[in-house]
Amino acid sequence: MLVTGASRGIGAATARMAAARGWDVVVNYANNSGAADAVVAECEAAGARATAVQADVGDEAQVLALFAAVAEFGPLACLVNNAGILHPQSPLAEFSVERLAEVTRVNVIGATLCVREAVRAMSTERGGSGGTIVNVSSAAAYLGSPNEYIDYAATKGALDTLTVGLAKEVARQGIRVNAVRPGLIETDIHASGGMPDRVERLAHLIPMGRGGRPDEVAETILFLASDASSYVTGALLDVSGGR
């Protein structure tokens, strides 16, 4: 299993849980090598083979190098397409073109490059053995994130459409493609957006009355990655406490 953006949050939780359930794991990270190495150590402690590979998924050359490293590590059976970024909260009227370009580069182009390479590696029409792709979208795709991250929400809407279209395209090539759409989850991505207490502040909007945990999203990802979901493809599965 390749987990992009796996040095923290949902990606790290997924890598750890996958290792505990028998997967060998490639931990992709963009900048924080120390955090990635710590996740690898935890995966190895669970009995898995694991390695960390640096790559900015928004750069095609780095994505190609990442998948070459994965191929050397072992046959790819699952991509968890998790890497993504957001910028500080802002109304759309204040967005710069640089902000829009960066969010799109990573969250749309990067995600698409990763699924492209995963299909090339796994498709039975290309000599692969099939596999699964789980895209990590967001409840923002249907909530819109007004006054906060409309650009981020729009990129996740694009990822939802990519999931549905690709699932139909590769269904007979041995590849299932699904997405999870986490809601307010207790990770440090909120600090990146300038509001580390965002989950606590908005918990009253969630029918279940609390934010989610990264491991709760990871459970859903591992379900979609496994044979337990063998007849599920093109699904957008909300992990949002009912919001």
Side-chain angles (χ1 to χ4, degrees), residues 2-12 14-15 26-33 35-36 52-70 76 79-121 133-167 169 177 179-182 185 187-195 198 221 236:
L2 165 61
V3 185
T4 65
S7 64
R8 66 178 190 171
I10 291 168
T14 301
V26 176
V27 174
N28 161 253
Y29 68 98
N31 300 303
N32 195 336
S33 61
V53 180
Q54 190 279 331
D56 175 350
V57 299
D59 181 289
E60 183 179 25
Q62 294 187 48
V63 170
L64 293 175
L66 168 62
F67 278 83
V70 171
L76 180 64
L79 164 67
V80 178
N81 206 12
N82 171 70
I85 63 169
L86 54 72
H87 285 269
Q89 294 179 325
S90 171
L92 186 145
E94 304 301 325
F95 289 176
S96 67
V97 70
E98 290 80 13
R99 169 179 172 143
L100 293 170
E102 180 68 2
V103 172
T104 302
R105 182 184 71 83
V106 176
N107 295 3
V108 179
I109 296 175
T112 305
L113 289 172
C114 286
V115 296
R116 183 192 73 184
E117 294 307 307
V119 169
R120 289 175 174 178
I133 295 171
V134 184
N135 292 321
V136 180
S137 178
S138 172
Y142 58 84
L143 293 171
S145 295
N147 300 305
E148 294 185 329
Y149 321 111
I150 286 180
D151 52 344
Y152 174 82
T155 65
K156 294 303 186 177
L159 189 57
D160 287 356
T161 301
L162 172 68
T163 299
V164 173
L166 185 63
E169 186 168 294
V177 186
V180 296
R181 300 197 292 189
I185 308 298
T187 74
D188 60 3
I189 195 170
H190 302 291
S192 300
M195 192 160 293
R198 184 168 181 262
I221 291 170
L236 308 175

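Numbers here simply count residues along the sequence, with the first being 1.
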Do you know the tightest heavy-atom contact between I150 and F95? N-CZ, 4.0 Å

Less than 4.5 Å apart, any side-chain heavy atom of T112 and any of C114? no

For the student: nearest non-hydrogen atoms of Y29 and A52, plus distance: CE2-CB, 4.0 Å

Output for pair (L92 CG, N147 CG), nearest 0.5 Å, gives 10.0 Å

Of all residues at least two apart in sequence or in a different chain, which pass the side chain to side chain donor-acceptor pair (under 3.5 Å) check with N107? T155

Side chain to side chain contact (heavy atoms under 4.5 Å, CB included) evaluation trace for V3 with V26: CA-CA 6 Å; V3 185; V26 176; over 6 Å; no

Would you indicate whether the side-chain heavy atoms of S137 and L236 approach each other to under 4.5 Å? no

Could you report the tightest heavy-atom contact between D59 and L113, atom names first, then the distance? C-CD1, 4.4 Å

Residues in salt bridge (Lys or Arg N to Asp or Glu O under 4.0 Å) contact with E169, at least two apart in sequence or another chain: none

Does A55 have any side chain to side chain contact (heavy atoms under 4.5 Å, CB included) partners at least two apart in sequence or in another chain, and if so, which? N28, Q62, L66

Could you walk me through whether V115 and N81 pass the side chain to side chain contact (heavy atoms under 4.5 Å, CB included) test, one step at a time? CA-CA 8 Å; V115 296; N81 206 12; 3.3 Å; yes

What's the separation between atom CD1 in I221 and atom CG in N82, rounded to the nearest 0.5 Å? 6.5 Å

Who are the side chain to side chain contact (heavy atoms under 4.5 Å, CB included) partners of A154, not counting sequence neighbours? none

Could you name each residue pair satisfying salt bridge (Lys or Arg N to Asp or Glu O under 4.0 Å) that touches residues 152-165, not counting sequence neighbours? D160-R181

With sequence neighbours excluded, residues passing side chain to side chain donor-acceptor pair (under 3.5 Å) with S7: none

Non-neighbouring partners of R99 that pass side chain to side chain donor-acceptor pair (under 3.5 Å), sequence neighbours left out: D151

Heavy-atom pair of closest approach, residues Y152 and L86: CD1-CB, 3.7 Å

Apply side chain to side chain donor-acceptor pair (under 3.5 Å) to E117 and list each qualifying residue two or more places apart in sequence or on a separate chain. R120

Search all heavy atoms of A83 against all heavy atoms of V57 and return the closest pair with its distance. CB-CG2, 4.0 Å

Please enumerate all residues that pass side chain to side chain contact (heavy atoms under 4.5 Å, CB included) together with A167, with sequence neighbours excluded. V177, T233

Under the side chain to side chain contact (heavy atoms under 4.5 Å, CB included) rule, collect the residues that match up with E98, sequence neighbours excluded. S96

So, for A153 and G144, which heavy atoms are closest and what is the spacing to 0.1 Å? CB-O, 3.6 Å

